2 protein chains.
Amino acid sequence: MSDLISAKRGRPGYDQRAILDIAVAAFNEYGYDATSMGALAARLDLSKAAIYHHFASKEELLELALDEALTALEGVLAEEGALAGAAIDRLAYVLRGAVQVLAAKLPSVTLLLRVRGNSQVERDALTRRRAFDHMVSALVLEARAEGSLRSDVDARVVTRLLFGMVNSIAEWYRPEGLEDAAQLADDVLTVALDGLRPRS
Amino acid sequence: MSDLISAKRGRPGYDQRAILDIAVAAFNEYGYDATSMGALAARLDLSKAAIYHHFASKEELLELALDEALTALEGVLAEEGALAGAAIDRLAYVLRGAVQVLAAKLPSVTLLLRVRGNSQVERDALTRRRAFDHMVSALVLEARAEGSLRSDVDARVVTRLLFGMVNSIAEWYRPEGLEDAAQLADDVLTVALDGLRPRS
DNA sequence: GTCTATAATTAGATAGAC
DNA sequence: GTCTATCTAATTATAGAC
C-alpha cells in the first residue's frame, strides 16, 4: 500500500507499519538471517539508526511479523465454523481459512513458515504454530473416526501432506484479486478430498 | 554413517565427506546463513582453520551439497520410466522417484528446497531446480491432455500443489527403514490421485 | 590434518547533533 | 524522524607452526 507517510501528508519519514512491511518483504526475499540491518536501511533509503528509532532490535521486527501471522491463524480456530458441525466440515473450514489467511497475510505467514527456532522469539513462534498444527491434526483424526476420511493412509501422513499443500502456497501465490484466494482454497479442498483423477 | 575416519583407522581427523555431512545437518538445523563457521567448527570439535583445509569456503560446502541433491533429482528424469509410456505413468514415476530421492538424500535435498538465491551458487542451483520443476510441469500438462488428470483445476495450481506435498516431506520425514520411502511415495500418489474421501 | 593467532570485514546496536 | 560517527562483537578467511 503506502510505504511513506508522505504519501498522504507532506511530512517525510516512515511510520512503524511501513518499515515493518518492507522489512518483512526483505526477510522473505533473502531470508531473515541473510538480511542485515544495513541492507534493510539501504532498501528503505534510510540510515540504520533511523530504523532503531522505530524498533528496539532486528528481532523485534521479526517478533511483530510472526505475531501477526499467528494471531490470524489462531483466529480461524476460534470461528464458529471451526467449532461446530461434522468433523469433516470443520476440517474443511479450517483448511479454507488457513488458505485465506495465507493469502491475506502472505508476507508474515511466509516468514512464519520459514522460522527455524534460532532464538527465543523463534521458538515461541514455533510453539504457537505447533499448537495450531495439533488442532488440525485432531480434526483429521475426528474426521477419520466419523468415516469422512479414508483410513488406509497413516493419519499423520495425511495431516502433513495437507499442510504441505496449504503451506507451499506461500512459495508461489501472488495476490491478484479478492476472489482469487477463495478459488485457491476451493482448489486445495478439491484436490485433497477428491484427488486429481478425472470425474467418472 | 561414520563421522570420523578414526572409526575405521587409528588416525584422528575428518575426511571431506564426514565434514560435509555434519555441515549440511547444521545448515538444515539453523539455516545456512545462521550457521557460522565457528559454530560448525564447535560442532565438529575442530578449529575453523581445519575446515578450511578441506574446503575453500563456506559456500563450497553449500555448493557440493546442492549439486548432490540436484544430480539425484535430475537422474530421475533420465530414467526409462520417466521417458516412455503414458504421461500419467511417467508423472507417477517421477513423483515416486522424487519422493525416494528426497528420502535417500534428505539432508542435501532439504537444503536445496530452502535456497533463496542470495549468491551465484544459490542462483545456479535455483536455475537447475526450476528446470526440474518445468519438466514435471510439462508432464502434468501432457497427462491432462490425454485425459488422465482432471481439467477443472488450473494446471499450474495442480503442479504446485503436487510439489507442495512432495517437497513438504523434507520438513518432517525421518528415515527409518528402506521400505519406508516406497510406502510414503505410494501414500503421496494415493492422496494426490484419489483424494482423501473414503473408497466408495 | 589440525592448531593458535590474526587479518579484514561486517554485523547489530548506540550516542548525540539537527 | 533522521543523520553521521562510532562501539563492540562476530564473521569469513588466511598465515604459519607442529
Side-chain angles (χ1 to χ4, degrees), chain A residues 2-24 26-27 29-66 111 116 118-122, chain B residues 2-24 26-27 29-66 111 116 118-122:
Chain A
S2 68
D3 288 335
L4 290 167
I5 290 182
S6 58
K8 53 175 173 176
R9 218 71 178 79
R11 291 266 312 304
Y14 289 90
D15 64 359
Q16 230 186 22
R17 183 76 235 175
I19 291 179
L20 183 58
D21 285 345
I22 292 178
V24 172
F27 293 162
E29 192 170 335
Y30 310 114
Y32 173 74
D33 295 293
T35 307
S36 69
M37 293 298 272
L40 183 53
R43 202 154 152 146
L44 289 158
D45 196 27
L46 220 62
S47 69
K48 284 194 287 179
I51 302 177
Y52 283 99
H53 172 76
H54 296 277
F55 300 91
S57 65
K58 181 184 177 183
E59 194 154 50
E60 191 182 46
L61 288 161
L62 179 65
E63 188 171 19
L64 290 171
L66 295 180
L111 195 56
R116 308 294 314 154
N118 287 336
S119 64
Q120 198 53 52
V121 164
E122 293 195 5
Chain B
S2 67
D3 289 335
L4 290 167
I5 289 181
S6 57
K8 52 176 174 178
R9 218 73 177 79
R11 291 265 313 305
Y14 290 90
D15 64 0
Q16 228 185 23
R17 183 74 234 176
I19 292 180
L20 184 57
D21 286 346
I22 293 178
V24 171
F27 293 162
E29 192 171 335
Y30 309 113
Y32 173 74
D33 294 292
T35 306
S36 70
M37 293 298 272
L40 182 54
R43 201 153 155 148
L44 289 158
D45 196 29
L46 219 62
S47 68
K48 286 189 288 180
I51 303 177
Y52 283 99
H53 172 76
H54 296 278
F55 300 91
S57 65
K58 181 183 178 184
E59 192 154 51
E60 191 183 46
L61 288 161
L62 178 65
E63 187 171 18
L64 289 171
L66 295 180
L111 195 57
R116 308 294 315 154
N118 287 337
S119 65
Q120 197 55 50
V121 163
E122 295 195 4

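Per chain, numbering begins at 1; letters A, B, ... match sequence-line order. Since the structure is predicted, the reported quantities are computational estimates derived from the model, not experimental observations.
Residue D45(A) contributes atom CG, which lies 14 Å from atom C1' of dG1(D) at whole-angstrom precision. Rounded to a whole Å, the CG atom of L62(B) is 13 Å from the P atom of dT12(D). Atom NE2 in H54(B) sits about 15 Å away from atom P in dT14(D), given to the nearest Å. To the nearest angstrom, P of dT10(C) lies 17 Å from CE of M37(B). In this structure, E60(B) atom CD and dT12(D) atom C1' are separated by 14 Å, rounded to whole Å. In this structure, D33(B) places its CG atom 12 Å from C1' of dT11(D), rounding to the nearest Å. Between the CD1 atom of I51(B) and the C1' atom of dT4(C) there is a distance of 15 Å, rounded to whole Å. In this structure, the CD atom of E59(B) is 17 Å from the P atom of dT11(D), given to the nearest Å.
Taking every heavy atom of both residues into account, S119(A) and E59(A) meet most closely at OG-OE2, 2.5 Å. Considering every non-hydrogen atom in both L66(B) and V121(B), the closest pair reads CD1-CG1, 4.3 Å.
Residue H53(B) places no side-chain N or O under 4.0 Å from the OP1 or OP2 atom of dT2(C). Taking side-chain N and O atoms only, Y52(A) has a distance below 4.0 Å to OP1 or OP2 of dA13(C).
At least one donor-acceptor pair under 3.5 Å links the side chain of Y14(B) to the backbone N or O of L44(B). Side-chain atoms of Y30(B) do not come within 3.5 Å of backbone N or O of A39(B) as any donor-acceptor pair.
Nucleic acid contact for S47(A): base, since at least one base atom lies under 4.0 Å from a heavy atom of the residue.
Projected onto DNA chain C by closest heavy-atom contact, A49(A) and A34(A) fall at different nucleotides, the more 5' of which corresponds to A34(A).
Of all nucleotides listed (dC3(C), dT2(D), dG12(C)), dG12(C) comes nearest to the side chain of S36(A).
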